[in-house]
Amino acid sequence: MIETSNHLTDSLQKYFGFDHFKGNQEEIVRNVLEGKDTFVIMPTGGGKSLCYQLPALMLDGTALIISPLIALMKNQVDSIRGYSQEDEVAHFLNSSLTRAQMKAVKDDITNGKTKLLYIAPETLTKDENIEFFSNVDISFVAVDEAHCISEWGHDFRPEYRRIRTMIDAIGKDMPIIALTATATPKVQSDIVKNLLMRDEKHFVSSFNRENLYYEVRPKGKKDQVLRSMIQMIKSLPDRSGIIYVQARKSTEEIAQFLNVNGVKALPYHAGLDPKTRTHTQDAFLMEEIDVIVATIAFGMGIDKPDVRFVIHYDIPKSIENYYQETGRAGRDGMEGICLAYYSYKDILRLEKFLRDKPVAEREMGAQLMQEIMAYSETTGCRRRFLLHYFGEDFDDQHCKGMCDSCRHPKERVEVKKEMQQA
Ligand code: ADP
Ligand code: MG
Ligand code: ZN
């Protein structure tokens, strides 16, 4: 099926109410509509979901959307239902559903009412589901957050490596679209190989986020860091932000400190029960609180467009993680501040965690850490550094003072000395 440009824009307007495609969405949608394998590399906030949602709505049959997190699925299904008249158009299938709910979902699929089915890979593995999908009309398979396939990615999930086997078990010729915000060549080739993609067309967008300001400060004593953080937050007219830390205990401590100082904050980590976590997430989205203090368990796919800052109280363990996490700031296109605190002590602490790991993992971890150290200590343009890491050339001139090195070059040289002494 070949769609004319007008036709696609009409559908975009009809289903989503948008007037224009963003970036290369249109070419991607066309490739999927033509039934070809498609590989999309687009930064967070670039608009990846639409690349499979629109063709899913336009084609006959149900698209299977493989997605790693239950919270993420719900978020996406709610958002697509928001655009549509009928709730049946999108469903999710995962372990949180009762048997009766699962049956209702499957009935909607059989009756051709469901265009998008979000599904966790572990749900897809079940024999009864494989059999069910062999007997219904599937338009294509979308693998969202496809970097989960790769051990080199920032969020490896072993069950993601079994997607190809499951597609084969369903036994149909279904085109695949894989999507990720991870641009490193190793991760990309892992994805293509593992999914056995055929003649896939690659769509790579620029990773430059012009509206994000990058800064790294040396991490001194704790109360000093807390004070510098609160000062920064209070200087902003809109205080919505995320603070990332390594330890669960720090989430509680820092949230408490912020509250005492007049900034509404809640902790978020994997040790909290799901109900509390959902409540915190909603409170953040509804702006009942300003700040979430989180371990890395928070944020994947959560779409709050007006996050004004992302602070790394502890340096993350890779550039990949750092880029992903800072990418949650400024999705609305307005300025977002990305501030990280760095001390060599934190690197040593991260190294300690690696000690008990198998050799391969240890070596990989050490390499990733070298890179985040180099980023933290550089006196060159941070934007150039990040983009270079993702294989993109970038001329400092275009940073326009949107990193500390470009904004205050002299101070950066001084700060570097301080960092190396810390
Ligand atoms: P990603 O998955 O790449 O991080 P999303 O798919 O979550 O990005 O999209 C990010 C934001 O961009 C969403 O709020 C979405 O509604 C918006 N968006 C996507 N495509 C368009 C478009 N063509 N026009 C306007 N807004 C868009
Ligand atoms: Mg996404
Ligand atoms: Zn710069």
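Everything quoted here is computed from the prediction, not taken from an experiment. Counting starts at 1 for both ligands and their atoms, following the listed order.
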For Met42, is at least one N or O under 3.5 Å away from an N or O on ligand 1?
->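 No - when backbone and side-chain N and O of Met42 are compared with those of ligand 1, no distance drops under 3.5 Å.
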
Please confirm whether Gln76 comes within less than 3.5 Å of ligand 1 when only nitrogen or oxygen atoms on both sides are compared.
->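 There is no such contact.
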
Residue pairs fulfilling ring-ring contact (aromatic ring centres under 6.0 Å, His included) with at least one residue in residues 23-58, sequence neighbours excluded |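 Output for this query lists Phe39-His202.
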
With under 30° as parallel and over 60° as perpendicular, where do the rings of Tyr323 and Phe390 fit, or are they tilted in between?
->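 Perpendicular, since the angle between the ring planes exceeds 60°.
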
Name the orientation class of the two ring planes belonging to Phe16 and Phe18 (parallel below 30°, tilted from 30 to 60°, perpendicular beyond 60°).
->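 The rings of Phe16 and Phe18 lie parallel, inter-plane angle below 30°.
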
Looking at Asp108 and His91, what are the two nearest heavy atoms and their distance?
->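 Of all heavy-atom pairs spanning Asp108 and His91, the closest is OD2-NE2, 2.8 Å.
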
Need the ligand 1 atom indices (1-based, order shown) with element for anything under 4.0 Å from a heavy-atom of [X].
X	result
Ser49	2 (O), 5 (P), 6 (O), 7 (O)
Arg331	4 (O), 7 (O)
Phe21	23 (N)
Pro43	3 (O)
His20	22 (C), 23 (N), 24 (N)

At a 4.0 Å cut-off, with the gap strictly under it, does some heavy atom of Gly46 reach an atom of ligand 1?
->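 Yes; Gly46 lies near enough to ligand 1 that a heavy-atom distance drops under 4.0 Å.
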
Does a side-chain N-to-carboxylate-O contact under 4.0 Å join [X] and [Y]?
X	Y	value
Lys126	Glu128	no
Arg30	Glu26	yes
Asp190	Lys186	no

In the protein, how many N/O/S atoms are under 2.8 Å from the Zn ion (ligand 3)?
->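 That number is 4, waters not included.
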
Any idea which of Gln25, Glu26, Gln324 brings a heavy atom closest to atom 19 (C) of ligand 1?
->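 Closest candidate by heavy-atom distance is Gln25.
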
Measure from NZ or CZ of Lys219 to the centre of the six-membered ring of Tyr313, then state whether that distance is under 6.0 Å and the direction lies within 45° of the axis.
->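 Judged by the rule (NZ or CZ under 6.0 Å from the ring centre, within 45° of its axis), Lys219 counts as positioned above Tyr313.
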
Test salt bridge (Lys or Arg N to Asp or Glu O under 4.0 Å) applied to Asp332 - qualifying residues, sequence neighbours left out =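 Result, salt bridge (Lys or Arg N to Asp or Glu O under 4.0 Å) vs Asp332: Arg308.
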
If a pair satisfies side chain to side chain donor-acceptor pair (under 3.5 Å) and one of its residues is in residues 379-388, list it, with sequence neighbours excluded.
->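 For residues 379-388, and leaving out neighbouring residues, the side chain to side chain donor-acceptor pair (under 3.5 Å) pairs sorted by first residue read Asn208-Arg383, Arg382-Asp404, Arg384-Asp396.
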
